[in-house]
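Report on one structure; see the data block that follows.
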Amino acid sequence: GLAVVDADHAFAVYDYGLKVTTDGGSTWVTRPVDPVGEYPMAIWAGDANNVWLGGMGSIAHSVDAGVNWEPEPSLPVVPDGFFGIGFVGD
């Protein structure tokens, strides 16, 4: 999945991780995805820092552009994983 925030900031998930750019895609850095396991599948970014990540069975939230993640315990566990993330009013 891909979440583009603006001309400089974007987040991309792939089989084993998360890539983040802050320079319009010229460079990408890898960020940890520990709370959602090794298969992140869905990404949503409200801004350059506020990011949601879904994986096999769980979803997590970051307020620092994916440097740190907190699992979201209020959402149900989905054994087959999250394939998309969206919010009402988005």
Side-chain angles (χ1 to χ4, degrees):
L2 178 67
V4 177
V5 177
D6 56 35
D8 291 321
H9 301 88
F11 301 85
V13 292
Y14 63 101
D15 289 345
Y16 298 101
L18 171 69
K19 297 283 189 177
V20 178
T21 184
T22 59
D23 59 11
S26 294
T27 60
W28 293 82
V29 297
T30 301
R31 295 278 166 82
V33 294
D34 298 333
V36 297
E38 64 181 41
Y39 296 110
M41 297 183 289
I43 189 93
W44 183 88
D47 57 43
N49 291 307
N50 189 30
V51 185
W52 292 84
L53 180 68
M56 292 302 290
S58 64
I59 195 166
H61 180 230
S62 174
V63 295
D64 57 10
V67 174
N68 297 289
W69 295 96
E70 288 294 324
E72 183 51 61
S74 66
L75 296 172
V77 171
V78 179
D80 293 331
F82 288 88
F83 292 93
I85 299 172
F87 292 90
V88 174
D90 173 34

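Numbering of residues begins at 1 and proceeds along the displayed sequence.
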Between [X] and [Y], which heavy-atom pair has the shortest distance, and what is it?
X     : Y     : value
Gly66 : Pro32 : O-CD, 3.8 Å
Val20 : Phe11 : CG2-CD2, 3.5 Å
Leu18 : Ile43 : CD1-CD1, 3.8 Å
Val5  : Ala45 : CG2-CB, 3.6 Å

Report task. Evaluate side-chain contact (heavy atoms from CB on, under 4.5 Å) for Asn50 paired with His61, printing each intermediate quantity in order. Result -> CA-CA 7 Å; Asn50 189 30; His61 180 230; 2.3 Å; yes

Requested in this report: Answer yes or no: is there a side-chain heavy-atom contact under 4.5 Å between Tyr14 and Thr30?
Outcome: yes

Report task. Please examine the side chains of Met41 and Val13, heavy atoms only from C-beta on, and report whether any two atoms are closer than 4.5 Å. Result -> no

Query raised in the report: Partners of Asn68 by side chain to side chain contact (heavy atoms under 4.5 Å, CB included), sequence neighbours excluded?
Result: Asp64

Query raised in the report: Who are the side chain to side chain contact (heavy atoms under 4.5 Å, CB included) partners of Asn49, not counting sequence neighbours?
Result: Asp47, Ala65

Query raised in the report: Taking only residues two or more places apart in sequence, or in another chain, which ones meet Asp23 in a side-chain hydrogen bond (donor to acceptor under 3.5 Å, both in side chains)?
Result: Thr21, Thr27

Report summary line: Applying side-chain hydrogen bond (donor to acceptor under 3.5 Å, both in side chains) to Thr22 and not counting sequence neighbours gives none

Query raised in the report: Under a single-linkage definition using a 4.5 Å side-chain heavy-atom cutoff for Ile, Leu, Val, Met, Phe, Trp and Tyr, are Trp52 and Leu2 assigned to the same hydrophobic cluster?
Result: no

